[in-house]
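Some notes on the structure that comes next.
Values below: every heavy atom of this structure, side chains too, minus hydrogens, waters and symmetry copies. Here is the naming used below: chain letters follow the sequence lines, and residue numbers restart at 1 for every chain. Please read these numbers as outputs of a predicted model, since none were measured by experiment.
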Amino acid sequence: MSFDISIKIAGQAGQGIQSIAEILLKVLKLNGLHVFAYQDYMSRVRGGHNFMQVRISDSPVYSIKEDCNILVALDTNSVDVHRNEVPKGGAIIYDPHSTMVDSPDNRFIPIPMNNLAKEAGSPVLSNTISAGSILALLDIDKMDAEEFIKKQFAKKGEEVIGKNLKALAKGYAYFLENFRNWKFTDIKAQKKNKTILINGSEAVGFGAIAGGCQFIAAYPMSPSTGVFTYITGKAKEFNIISEQAEDEIAAINMALGASFAGARAMTTTSGGGLSLMAEGLSLAGVMEAPVVVVNAQRPGPATGLATRTGQEDLEYVLHIGHGEFPRFIFAPGHHEEAFFTTIHAFNLSDKYQVPAFILIDQYFADTYATEKEFDLNKVKAISYQPSVVSTPYLRYKITKDGVSPRAYPMQGDFTFIADSHEHTENGHITEDGEVRNKMVEKRFRKLKGMQKEFGKPTYYGDKLVPSGSEKGKAKTVFITWGSNYGVVRETVDCLKKQKRSVAMLHFNRIYPFPRKEAVSLLKGAKEIITVENNYQGQFGNILKAETGIEADRKILKYDGRPFTVEYILKRI
Amino acid sequence: MSFDISIKIAGQAGQGIQSIAEILLKVLKLNGLHVFAYQDYMSRVRGGHNFMQVRISDSPVYSIKEDCNILVALDTNSVDVHRNEVPKGGAIIYDPHSTMVDSPDNRFIPIPMNNLAKEAGSPVLSNTISAGSILALLDIDKMDAEEFIKKQFAKKGEEVIGKNLKALAKGYAYFLENFRNWKFTDIKAQKKNKTILINGSEAVGFGAIAGGCQFIAAYPMSPSTGVFTYITGKAKEFNIISEQAEDEIAAINMALGASFAGARAMTTTSGGGLSLMAEGLSLAGVMEAPVVVVNAQRPGPATGLATRTGQEDLEYVLHIGHGEFPRFIFAPGHHEEAFFTTIHAFNLSDKYQVPAFILIDQYFADTYATEKEFDLNKVKAISYQPSVVSTPYLRYKITKDGVSPRAYPMQGDFTFIADSHEHTENGHITEDGEVRNKMVEKRFRKLKGMQKEFGKPTYYGDKLVPSGSEKGKAKTVFITWGSNYGVVRETVDCLKKQKRSVAMLHFNRIYPFPRKEAVSLLKGAKEIITVENNYQGQFGNILKAETGIEADRKILKYDGRPFTVEYILKRI
Amino acid sequence: MENTNPFHYEGELSWCPGCGDFQILKSVEKTLTSLNKKPSEVVLVSGIGQAAKLPHYIHANGFNGLHGRALPPAFGIKAFNRDLTVLVTTGDGDCYGEGGNHLIHAIRRNIDITVIVHNNQVYGLTKGQASPTSEVGMVTKTQPYGVVSLPFNPIAFAIAMDTPFVARSYSKEIDFTAELIRQGVETKGFALIDILQPCVSFNKINTYQWYSQRVYKLDNTYDPTNRVKAFEKSLEWGDKIPIGVIYRSQRQTYDETLDRLGIKPQINPAHNLIQRGSSQGVMCGVNTLPDLSKVKSLLSEF
Amino acid sequence: MENTNPFHYEGELSWCPGCGDFQILKSVEKTLTSLNKKPSEVVLVSGIGQAAKLPHYIHANGFNGLHGRALPPAFGIKAFNRDLTVLVTTGDGDCYGEGGNHLIHAIRRNIDITVIVHNNQVYGLTKGQASPTSEVGMVTKTQPYGVVSLPFNPIAFAIAMDTPFVARSYSKEIDFTAELIRQGVETKGFALIDILQPCVSFNKINTYQWYSQRVYKLDNTYDPTNRVKAFEKSLEWGDKIPIGVIYRSQRQTYDETLDRLGIKPQINPAHNLIQRGSSQGVMCGVNTLPDLSKVKSLLSEF
Ligand SMILES: Cc1ncc(C[n+]2csc(CCOP(=O)(O)OP(=O)(O)O)c2C)c(N)n1
Ligand SMILES: Cc1ncc(C[n+]2csc(CCOP(=O)(O)OP(=O)(O)O)c2C)c(N)n1
Ligand code: SF4
Ligand code: SF4
Ligand SMILES: [Mg+2]
Ligand SMILES: [Mg+2]
C-alpha cells in the first residue's frame with residue numbers, strides 16, 4: 001500500500017523544468033503527500049543539462065534517490081543521460097517530435113507536448129501539458145492543479161489562466177486517452193495531512209523574518225541569493241531595510257553599522273563572498289556587534305562549482321577573521337530546524353553580542369520538502385537591552401559573564417564609541433596591557449553561557465549500550481552535520497530494516513562545540529562513521545580536537561553532488 | 001668575566017630613540033658583541049611612550065629582559081615608568097634640564113644633552129650626544145662610532161658629519177670627565193667575531209631577494225611594512241617589480257597575475273590585510289599558482305593593538321580561503337632561519353604550485369639581533385619547469401604526485417588557461433563530477449611530497465628517555481613555534497642550570513604538520529608545556545588534532561607584548 | 001563652557017604637534033555646536049588612519065571601524081535610524097584608496113551623510129607611504145623612485161558621479177571649513193568635502209606654505225550648479241587651487257526612497273528610552289517578535 | 001580557415017541564444033586576427049560573470065580569476081611580461097560593481113591594457129539583479145520596488161580619471177566595435193571600452209530595439225581630445241546615445257616607467273623556450289638564483 005516514487009524532470013536551462021515541478025509539487029502537497037525535491041543545475045542561464053528530482057511518498061521523505069521511476073525528458077540528451085536510471089515498469093515521458101529516441105522500449109510514453117501546446121494556444125504552454133500528463137500518469141485529480149493555476153496566473157489575467165487550464169486538461173486527457181491501461185502505482189491522497197512545502201532558502205529567510213530581522217545587506221551569489229531574495233520580497237511588509245551592496249565587504253560593514261544603530265542585522269553570502277567578509281567578521285568580534293551571517297556553501301576553491309553543493313567551509317568558518325573571538329556556528333539539518341535555528345541565531349547573537357553563522361549549502365537551499373506546519377507559538381524573538389545605563393555609559397563594561405550592556409544611539413542622552421582597536425570599557429582606543437587582557441578574557445567568558453544555549457546534537461536510532469555492559473552489542477553511529485541529516489537518517493532507517501544496530505548523531509550547533517553531549521552520546525559506540533560533503537573530513541577533525549574521539553571511518557563526497565542513501569550504503 | 005647587560009632607551013615617538021639605538025647597535029656589533037634589541041612602540045607618530053630594549057653579551061642572546069641595567073630616559077615620563085626596573089648599581093641617564101626627577105639616587109647620571117647638542121651646533125644632535133655618553137659608560141672605544149657616522153651621513157655632506165662627530169666626542173667626554181669613577185662593567189670587545197646585525201623584517205626581505213623574488217605587490221600595514229620596504233629599496237638593483245596596491249585584494253591578485261606570467265611573486269601583509277586576501281588565496285589554491293605570503297601578526301581582532309605583537313592567526317592561516325586546498329605554513333624562530341625559510345618558501349611554493357605562508361609577528365619583525373654571517377653557499381633558488389609540453393599543453397595534467405607541468409605564456413607557442421572554476425586538464429570550466437574528483441585528489445596528492453620537504457622541528461635541550469625505559473627521568477618539554485624560539489631556548493638554558501631536565505621542541509613548519517617527527521620526539525616526555533602568544537593555545541589545538549597529544553600545561557600571553565624568560569619561569 | 005560646547009572632548013589627542021588634523025577637529029566641533037543637536041543625536045564614523053581617529057576626539061557617538069570601510073557602516077547607521085546626523089571623517093588613503101569602491105556606490109545611493117576627507121596626500125599613520133592623491137615624483141620608502149601614478153582628483157570624480165554637494169577646503173581655514181561642513185550636513189543627500197591638510201611629519205611637499213600660496217576662495221561669481229563648468233573648475237590644480245563649494249545638484253535621497261516605500265525610521269518600539277543611573281543596568285530580554293498575524297500569513301503561503 | 005583565424009575556439013559556448021556577448025566575441029576575434037600576433041602572445045583576463053567567460057571562447061592564453069578582480073592580475077601579467085598583449089573582458093557588475101576600486105587605481109597606474117566591458121546593465125549570470133548601470137526604476141528580485149541608485153556613468157567617470165582612451169560601442173556593431181578595440185590595443189596605456197550589450201534573458205528594458213533606436217556614431221566633427229567637451233558629451237544618455245571614441249589623452253604608462261627605471265621585461269632567463277612534444281614533460285629544477293655577488297653585497301650591509 002505504501003509508495004515511494006521518484007520522478008526526474010530533465011532538460012536544458014530555460015526549458016521550464018521548474019514550472020513543471022512547481023505545479024507538480026504544489027498539487028502533491030495539496031493532496032497531503034510527502035515530497036522531497038532537489039534541483040541539479042549548471043552555471044548557465046540557457047542550454048546545458050539540468051534536472052529536478054522529485055520524490056513522493058505517503059510517509060515523510062528526507063532525501064533523493066539516484067534512480068527514478070518516471071523520467072520526463074525535455075530533450076534528446078536527457079533521454080541519453082537518464083534512460084538507464086529508469087527500471088522496468090517505469091515511465092519515460094518525451095515529445096516524439098522534438099526528442100530523438102533510439103530503440104524505445106515499453107517504458108517510453110510519447111506525448112506530443114509541443115503540438116498539444118500549440119493547440120492550446122501557444123508553444124510556451126508545453127510545460128503545463130507535461131504537468132497534466134504527469135498528473136494523469138500518477139492518477140491524481142487535476143482539480144488542485146486548476147486551483148493552483150488560477151492563483152499563480154491571477155495577475156496575468158483571464159486569458160493566460162484560460163490557456164493554461166486548457167493545456168492542463170489537454171495533457172491530462174491525452175495521457176488517459178492513449179495510455180489508459182498504463183497503471184503505474186497506487187497513490188492515495190491524504191487530504192487531512194496539514195503540511196507546508198518549503199525550500200531551504202525560504203526556511204532560513206522565513207526564520208529571519210520571524211526572528212525580527214530589520215536590516216539585510218547582501219551581494220548576489222549562488223546559492224545564497226535565495227535567502228536574500230525571499231527576505232527582500234517581504235521587506236516592505238515587515239519594515240525591513242534591504243540593500244544590495246556593491247560587494248560583500250560593504251554588505252557585512254553595512255550590517256555592522258545597522259547593528260550599532262540597534263538593528264537586528266544580517267547578511268547572506270557564499271564562499272568567495274564569505275572570504276571577503278573575513279575582516280568585517282573580525283570587526284564584529286572586537287566590537288561585540290550582533291550580526292547573523294548565512295553562508296550557503298558550494299564547492300571551492302575559488303569559483304569552484306558555482307551551482308553545486310559541498311560542505312567545505314566548516315573549519316574555515318570556525319577560524320575566520322584575524323585575531324581571536326567567540327562566535328556561534330549553526331548548521332541546521334532540515335527545514336523546520338533551519339527556521340527555528342535562524343530565530344535562535346538572532347536571539348543568541350543579540351544576547352551574547354557575537355556573530356552567529358548559519359551554514360547551509362546548495363543542496364539544502366534548493367531542496368523543497370513538505371514539513372509539518374511550523375508551530376509559530378514556539379517562536380520567541382527576544383532582544384536584550386539594559387533598562388538603565390551608568391554615567392558615563394560603559395559600552396564595554398567588564399562583567400562576570402562577559403556580556404556588557406548594549407544600548408543604541410538615541411535611546412537616551414548618553415553617547416558611546418564602538419571601536420575596532422582594543423579599547424577601554426568606554427570604547428576608546430587603549431594600548432594598556434592589563435586592559436587588553438581583561439577585554440580578551442571578558443570576550444571569551446561568554447563561551448560558558450553560550451555553551452549552555454540552544455543546539456544540542458540530535459540522536460536518532462538505536463540507543464547505545466555502554467560498551468562495558470553485558471549486553472553490549474556492536475553499534476554503528478553515523479556522525480554528520482548540516483544538510484546530511486535527511487540522507488543519514490534514511491540510511492539508518494534502511495540499515496535498521498536489515499536488523500543492523502545503528503544510529504545517527506547529527507550536529508546542528510558546531511560552535512561552541514557540544515563537547516559533553518558528544519562524549520556522552522558516543523560512549524558505547526563500537527564504530528563511528530562520519531559522513532561529510534568534503535575532502536578533508538573537517539567535522540571529524542573538529543571532533544578529534546574537541547573530544548579526542550576519532551572516527552573509525554569517513555564517508556566523504558566532494559564531487560559537488562549531494563549524498564544518497566545508495567551512495568552511503570555502498571561504502572559501509 | 002662574562003656579561004649580560006640590558007639597556008632601555010625610552011621616550012616619546014619622534015624623540016629619536018631609534019637614532020640612538022642605531023649607533024649603539026652598530027658599534028656593539030662591530031666590536032663583536034652579541035646584541036638583541038626590541039622596540040616597544042605605540043600606534044602614533046609623535047608623543048606617547050615608546051622604548052627600545054638592547055641586550056648585550058659576550059655569548060649569543062635570544063631574548064629581552066624585563067629589567068634593565070641602564071636606562072636612557074628622554075623625558076620625565078620615562079623616568080617614572082622605568083626607574084624601578086633599574087636595580088642598584090645600574091645607571092639612569094637623563095637630561096637634567098628637560099627631565100624632572102624626584103629624589104634622584106646614585107643610579108642617576110645627569111647629562112645635559114640638549115646644551116651639549118647646542119654647543120655642537122644644533123639641538124637635533126642630542127641623540128648623538130646620548131650615544132657618546134652611553135659608549136663611554138660602557139667603556140667602548142668611540143672609533144667605530146665615528147666610522148659609522150661617516151658612513152651614515154655620507155650623503156648629507158661634510159658639515160653634518162663634522163657636527164655629529166663633534167657631538168659624539170662631547171657626549172663621550174662629558175661622561176668621562178664627570179663620572180670617571182663610574183665603573184659599570186667589563187665589556188670586552190671580541191673583534192674577531194664575524195656577525196651581522198639584522199632585524200626580522202630584513203631577514204625575510206633579504207631571503208626573498210636571495211630566493212629570486214621578481215614581483216612584490218603589497219599594501220602598507222604594520223608590522224609587515226618593513227619587509228615590503230626592504231625589498232622595494234632593492235627593487236631596481238635586483239630587477240624586481242614592486243607595486244603598492246590600492247588594497248590587499250589587489251595585492252594578492254596582482255601577485256597571482258605575475259605568477260601566471262612566470263614571476264616568483266609575493267605579498268606582505270598583516271591581520272586585516274590577510275583577511276582581505278582570503279578569496280585570492282583560495283584562487284591560488286584552485287589555480288595552483290605559486291605565491292609567497294608573509295603575514296606579520298599583530299593582536300586582533302580587527303585593528304586590535306596595531307603596533308604590538310601576537311600569534312593569533314595560526315589556525316586562521318591553516319584554514320584561510322573557502323574550499324579546500326593544500327598550502328605550506330612556516331613560522332621561523334630566528335633571523336637566520338627566517339632567511340633560509342623564505343628561500344625555501346619560494347622554492348617549495350614553486351615546486352608544488354601551492355601558496356606558502358610565512359608567519360612572523362611584530363616582535364620578530366622589529367627585533368634586531370646579531371647572527372653569524374649567513375652562509376650564502378647554502379642558498380639555492382630553484383625554479384621548476386618542464387622542458388617539453390604536450391600538444392595540446394595540459395596545464396592541469398593529472399599526475400601521480402599531483403604536480404602538473406607549469407609553463408608560462410610565451411615560453412613556446414602553446415596557450416593555456418588558468419581558471420578559478422573547477423577545470424579540466426586544459427584549464428577549461430567543467431562541471432563533470434568525475435573530473436572534479438580527480439582534480440581535488442590531484443591537488444591533495446601533493447601533500448605526500450610536501451610532507452617530506454624542508455621544515456623538521458628543532459629539538460633543543462636534554463635528550464628524552466623513552467618513558468618505558470629503566471632510567472626514565474621526569475622530563476619537561478616546552479613546545480613552541482615562530483618567534484618564541486629564542487625566549488624558550490633561554491628558558492631551557494636557565495632551567496638546565498638549575499639541574500632541571502628540560503628541552504624545547506620548536507616548530508618552524510606547521511603545515512604540512514610534521515606529525516611523525518612530533519610524535520617520535522615527544523615520546524617519553526613526562527610533561528608537555530606549550531608556549532604561545534595567543535589566548536586559545538592554537539598550536540596546542542593543532543597538535544591535538546594532528547597527533548592526539550595534549551599539552552599538560554599552556555603558557556599563554558595575549559597582552560600584545562612578547563614573552564620574557566622571567567614571565568615563563570614564573571609560570572612553571 | 002561645557003554648555004556652550006557639549007561636543008568638546010577633554011582627553012589626550014595623539015596627533016603630531018602642528019598637524020592640520022587639529023584644525024579640522026576644530027571645524028567639526030564648530031559645525032556641530034551650530035547645529036542645535038545633542039551629542040547623542042550625532043554619530044561620527046571613520047575607518048583607520050590619523051584622520052580616522054577623530055571620532056575619539058569629539059564628544060558624540062562614534063563608530064571607528066576598519067581601514068577603508070567607513071562608508072558602509074555609515075550607510076547602515078543612517079538607513080536604520082534616519083534621525084541621526086551622520087558624519088564620516090576619513091583620510092585620503094582610507095576613502096580614495098582602500099575604500100574607493102564604497103565611495104562610488106555610496107554616492108550612487110545618495111544616503112544623507114557628510115563625508116569629510118582629511119586629504120594630506122600621504123599615508124600618515126603608517127609613516128609616509130604615497131596615497132592616491134600624492135603628487136607624481138614624491139619619494140617615499142615604498143616609492144623610492146618616486147610616485148608614478150596619476151593623483152586621484154576627488155572633485156572631478158565626485159562631479160562625474162553627480163554628487164549633490166562637492167566642496168574643497170584647506171584645514172587652516174577653520175571657519176570657512178566649518179561653514180562648508182555645515183552646508184554639507186544641511187544638504188539633503190551625500191556631501192563630499194575634501195580638505196587639504198598638511199602632514200607635518202611626512203609630507204614635505206604639500207606643506208602649509210605650499211597650500212597657503214595656492215588656495216583661493218571661490219567668490220559668488222562662480223556658479224556651482226553648472227556641471228560642465230564645475231568639471232572644468234575641478235581640473236584647476238597647481239599654482240592656483242580653488243576652495244569652496246565646487247558643485248551642487250539635487251536628486252532623491254536614499255532616505256526619501258525609504259519614506260516613499262513606507263519603511264519607517266526604526267528604533268525598535270519594544271525598547272523604551274533607557275535611563276541613566278548610578279549603577280550599570282543588567283541586560284534583560286524584550287520580545288521583538290514582528291506582528292504574529294503577519295508572520296502567520298507568510299506561513300500560509302507555503 | 002584555421003590559418004586565417006588562429007584565435008577561433010571550436011568548443012561549446014554557454015551563453016543564451018541571441019545574447020549580445022556572441023557579437024562581442026566576434027569583435028574581439030576580429031581585432032585579434034588583425035593584430036599580427038600569435039595566440040601565445042595574447043592573454044585574456046576576466047573576473048566572473050557571463051562576460052567573464054569570454055577568455056574560454058578565444059584560442060589564446062586566459063586568466064579567468066575572481067568576480068571583480070580582473071584588473072589586478074592583468075596588471076601583474078602585463079607588468080611582468082610587457083611583450084604580452086593583455087585584454088580584459090569583464091561585465092558591468094564585475095568591473096563597476098565588485099571591482100570598482102581596481103578600476104580607479106588601474107587607470108591611475110596607466111598600465112598598457114585594454115578593458116572591454118560587456119555592459120548589459122544587469123547581473124546576467126546570477127539571474128537578473130540590478131547592476132551599477134541599471135536604470136532607475138528597473139524591477140528585479142532584489143530590487144522589487146525598483147532600482148533607486150543613480151546609474152554609474154563609466155564614460156564620465158573615465159574622463160574624470162583622465163583615462164588615455166575612452167570609448168563606447170554597441171555589441172550589434174561588430175566591425176565598429178572591433179575597430180574600437182583595435183584602437184584601444186594600440187593606445188599606449190589604459191583603454192576602456194564600454195559596450196552596450198543586450199541581455200535577452202534578464203534585461204527587458206535595454207533591449208536590441210531600445211539600443212538600436214538610440215545609438216548614433218560620433219562623426220569626425222567631434223574632437224575627443226578636449227576633456228571638458230568630452231565630459232559634456234559623456235552626459236548624453238537618453239533618446240540619443242553616442243558611440244565611438246569619446247576621449248583620448250596621453251601620459252606616461254606604467255610600462256614606460258619600468259623601462260625608465262631599467263627594470264627589464266622578464267621571462268626568467270634561466271628558462272629556455274619550451275618545446276612542444278608528444279609526451280608531457282616532467283618538471284625539473286632550474287637555478288634561478290639572482291647574481292650571487294650582488295646578494296653578497298647585500299649581506300655586507302648588515
Ligand atoms: C586592511 C588594512 N590595511 C592596512 C592598514 C594599515 N593602515 C592604517 S592607516 C593606513 C593609511 C592611512 O592613510 P590615510 O587614510 O590617508 O590617513 P592619514 O593617516 O594620512 O590621516 C593604513 C595603510 C589597516 N589598518 N588595515
Ligand atoms: C565574490 C563573489 N561575489 C559574487 C559572486 C556571484 N556573481 C557571479 S557573476 C556576478 C555578477 C555578474 O554580473 P556582470 O559582471 O554584469 O556580468 P554578466 O553576467 O552580466 O555578464 C555575481 C554577483 C561571485 N562569483 N563572487
Ligand atoms: S603623521 Fe602627519 S597626519 Fe599623522 S598626526 Fe602626524 S602630522 Fe598629522
Ligand atoms: S543571461 Fe543575459 S548576458 Fe547572460 S548569456 Fe544570457 S542573455 Fe547573455
Ligand atoms: Mg592621508
Ligand atoms: Mg552585466
- Are C:I104 and D:I104 close enough, and set up right, to give a side chain to side chain contact (heavy atoms under 4.5 Å, CB included), and what steps lead you there? CA-CA 10 Å; C:I104 294 178; D:I104 293 178; 4.0 Å; yes

- Going through the checks in order, is the side chain to side chain contact (heavy atoms under 4.5 Å, CB included) test met by C:L235 and D:V228? CA-CA 9 Å; C:L235 304 180; D:V228 174; 4.2 Å; yes

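Of residues 159-167 of chain C, those residues with a non-hydrogen atom less than 4.5 Å from any non-hydrogen atom of chain D are, in numerical order, C:I159, C:A160, C:M161, C:D162. Of all residues in residues 114-127 of chain C, none places a non-hydrogen atom less than 4.5 angstrom from a non-hydrogen atom of chain D.
Ranked by non-hydrogen atom pairs under 4.5 Å with chain D, the options C:R260, C:R251, C:H102, C:R109 are led by C:R251. Contact count versus chain D (heavy atoms, under 4.5 Å) is highest, among C:G146, C:A158, C:G99, C:G97, for C:G97. Among the candidates D:P132, D:G100, D:P151, the residue making the largest number of heavy-atom pairs closer than 4.5 Å to chain C is D:P132.
With a 4.5 Å cut-off on non-hydrogen atoms, C:Q252 does not touch chain D at all. Both the backbone and the side chain of C:R227 come within contact range of chain D, judged by heavy atoms closer than 4.5 Å.
Summarising the geometry, atom OG belonging to D:S149 is positioned 11.5 Å from atom CD1 belonging to C:I107; distances are rounded to the nearest 0.5 Å. Taking CG from C:N101 and OH from D:Y96, the interatomic distance works out to 13.0 Å, rounded to the nearest 0.5 Å.
Classification of the C:F231-D:F231 ring pair by plane angle, with boundaries at 30° and 60°, yields parallel.
Counting heavy-atom neighbours within 6.0 Å of C:D239 CG, excluding the residue itself, gives a total of 12 or less. When the shell of 6.0 Å around CD of C:Q250 is examined, it contains 12 or fewer heavy atoms from other residues, nucleotides or ligands.
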